[in-house]
Amino acid sequence: MSLPDRNNPYSFSPYLEWRKNVDYYEEDLFFQKLLRLYTGKEAEQLDREARTFSKKVSFRWRDFSERISVPENRPYLMHYDGHKNRIDRIVRPYEIAVMEKEVFGEAWFADNTSDWTRFMKLYILSQNSEAGVCCPLICTWGMAALLEKYANTQETKAILDHLKNGVDGVYPIGAQFVSEIQGGSDVPANLLEAVEENGVWRLYGTKFFCSAAHADYSVITAKPKGSETVALFVIPMWLPGNKEKEVRNGYTIDRIKRKLGTVELPTAEITYNGTVAYPVGPLNRGVANVVGIVLTYSRLAIAIASAGAMTRGLREIRKYGEFRTAFGLKLQDFPMLIAQFLKNESYVRRTIAGNFKVYKDFISLPSGLSVGLESGALFISDKSDEPLEMRKKRLDVRQLVLLEKITVAKDSNDMSRLGISALGGHGVMEDFSSLPRMLRDGLVNELWEGPRNVLLTQLFVDFQRARKWYPPEEFVKNILKGADATLIREYTEELEEIMEIPHFFEMNEKTIKACSQWDDYCDRLFHAYQDIALAEADSAS
Ligand SMILES: Cc1cc2nc3c(=O)[nH]c(=O)nc-3n(C[C@H](O)[C@H](O)[C@H](O)COP(=O)(O)OP(=O)(O)OC[C@H]3O[C@@H](n4cnc5c(N)ncnc54)[C@H](O)[C@@H]3O)c2cc1C
């Protein structure tokens, strides 16, 4: 009960004081434990690096991220300078330029930066949400992996060297431009034209979703003139010496999109009119390479970044539960709230554990996923002369990356929503917590690098194609190793039942029902995988 008080003394200060002082990594005992568990001899070094890195992310970059996220600070386009020169300058707040330089200055792609360092740093960094830096970082990762495999000309080798080593401590930013107005999922339908003119490839046409449009380089898909097959190129956004003069490499930025999420990041529509481009890999393997290398890294990275966002959300609502009262009780004294906190916690822990397990398998695979391109579909080649066991392992990892991407991207949004609900009306206030931003950015994660429906279909196609040499029963047994026999049998039987449908392209009641069941099955299957990873983590000392 309370009497009126015209000087209402209520204050959020104790909660805010705690929040201001949280060091993301120091507080995260579960992540620390898994880092030790999974990284062997590297663990001590990683722990040291994480402690230094976390101090930057948790305080300086957190404050920058908050400042740049307000509507007044969104990037905008200045088409012309004061002397009628077309410049298409992307104007962004000063804080983001400083933060971007510092974040990229961590030399993410240098030879002596390990796979686990990238994993650990991205997880910590993404606790500030996308913030205009995570997307370009992820794109640069895919570009570096692509060039590591294919750079074989003076230009592409120089770009790779630049990505890895920077110049005077400044590292370049990468992007990836694939989607066109007629479709993002259907990459083979790309229309951007590549023409070889006097020994130089040039691009003509348009791209409709170009995030990190302020980048220094971009991976880009285009069809060579007269060909129906998509090829892959890298473009410098400015030719050498032109960045300072603001003379772009033969393209105009037509517009910056207005978006729901990742608003700090400029996503542009671009017209190419003679852009100089460098081919990467065989011209007839553009789709295989963009999906098999570039998008695979992005999909893994989206899961890592989503886990970071989920962790921060959980930490902040649990503390709010200790601080906030209603009807004379702390929120954490309501069983209803505790049930939600526990659900949220179980999702965060299973996500982190599953991420470590998938990533370890991925980085242990010799020469990556090694996809082939047959009949327009991407697939682990069954004509490969690799031992059968290795082919199976590749398929396990490939399917796990797809399952992880769709499941984690969706779960993180469900958990943001739960977190928002725990904060009550304050939950939707953009200036009260980072949860609304996490949710908006999370919605983008569900779409880019393969929207859910596309990946669900791809998973199904892959299982059907592999079943001759990799029966569903064996796949389920392999990925759920350690689960009880009944669970494995149930998942196997259900997979076999759904696979009675040969494909998902015939419009009838049976197929529609199977699609709906598949959507649900894939989440459950990956959750079962995550729960095994979690049990392994919990049972380790
Ligand atoms: C904020 C943001 C930033 C982006 N940045 C970039 C970028 O930098 N570079 C870039 O290249 N792209 C970018 N994209 C584009 C993104 O990758 C595409 O939106 C995505 O690939 C889907 O393409 P689409 O939007 O044309 O949808 P469509 O391909 O038209 O798909 C529409 C629906 O149909 C479903 N669908 C399509 N094909 C199939 C199928 N075979 N089976 C079942 N279902 C199917 C899809 O899942 C979806 O539900 C960005 C998107 C967003 C939202």
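Note that the structure is a prediction, hence the values are computed from the model and not measured. Order of listing sets the numbers, starting from 1, for every ligand and every atom in it.
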| query | Counting only heavy atoms, which portion of T457 has something under 4.0 Å from ligand 1: side chain, backbone, both, or neither? | reply | side chain

| Protein heavy-atom contact under 4.0 Å for atom 34 (O) of ligand 1? | no

| task | Mind jotting down which residue pairs meet the salt bridge (Lys or Arg N to Asp or Glu O under 4.0 Å) criterion with at least one end in residues 170-182? Sequence neighbours excluded, please. | result | E180-K207

| request: May I ask you to establish whether K392 and F475 are in a cation-pi arrangement, using a distance under 6.0 Å from NZ or CZ to the six-membered ring centre and at most 45° from the ring axis? | output: no

| query | Among the heavy atoms of V444, does any lie under 4.0 Å from an atom of ligand 1? | reply | yes

| task | Report the relative orientation of the aromatic rings in Y347 and H527; use parallel for angles under 30°, tilted for 30 to 60°, perpendicular for over 60°. | result | perpendicular

| query | Considering F208, F209, F177, which one's heavy-atom position lies nearest to atom 19 (O) of ligand 1? | reply | F209

| query | Considering only heavy atoms of Q176, which atoms of ligand 1 have at least one such atom less than 4.0 Å away? | reply | 7 (C), 8 (O), 9 (N), 10 (C), 11 (O)

| K405 with E446: basic N within carboxylate O range, under 4.0 Å | no

| note | Separation between CZ (F362) and CZ (R394), nearest 0.5 Å, reads 10.5 Å

| Is there a protein heavy atom at a distance of less than 4.0 Å from atom 1 (C) of ligand 1? | yes

| note | For atom 31 (O) of ligand 1, the closest protein heavy atom turns out to be S185 OG, 3.7 Å

| field | Nearest neighbour of atom 20 (C) of ligand 1 from the list T267, L447, L456, V187, on a heavy-atom basis | value | L447

| request: Provide, to 0.1 Å, the distance between atom 44 (N) of ligand 1 and the closest protein heavy atom, together with that atom's residue and name. | output: N453 CB, 3.4 Å

| query | Can R255 and D88 be counted as an ion pair, charged N to O under 4.0 angstrom? | reply | no

| For ligand 1, which atoms, with element, lie under 4.0 Å from some heavy atom of K259? | 1 (C)

| said: I want to confirm something. Looking only at heavy atoms, which of S179, S298, P266 is nearest to atom 17 (O) of ligand 1? | reply: S179

| Looking only at distance, does E180 have an N or O less than 3.5 Å from an N or O of ligand 1? | no

| query | With respect to atom 4 (C) of ligand 1, which of A213, S211, S218 exhibits the smallest heavy-atom separation? | reply | S211

| Row check, F53 ring normal vs K121 NZ/CZ: under 6.0 Å, within 45° | yes

| remark: Applying side-chain contact (heavy atoms from CB on, under 4.5 Å) to P172 and not counting sequence neighbours gives H162, L163, D216, Y217

| field | Sub-3.5 Å N/O-N/O distance, R452 and ligand 1 | value | no

| said: Please compare G184, P136, G183 and report which has the shortest non-hydrogen distance to atom 23 (O) of ligand 1. | reply: G184

| Residue and atom name of the nearest protein heavy atom (relative to atom 46 (C) of ligand 1), distance in Å to one decimal | V454 CG2, 3.8 Å

| query | Charged N to carboxylate O under 4.0 angstrom, K510 versus E500? | reply | no

| Does the protein put any heavy atom within less than 4.0 Å of atom 6 (C) of ligand 1? | yes

| message | Below 30° counts as parallel, above 60° as perpendicular, anything between as tilted: where do the rings of W518 and F460 land? | response | perpendicular

| Could any protein non-hydrogen atom be found less than 4.0 Å from atom 14 (N) of ligand 1? | yes

| request: Verify, without hydrogens or angle tests, whether Y470 (side chain) and R465 (backbone) share a donor-acceptor contact under 3.5 angstrom. | output: no

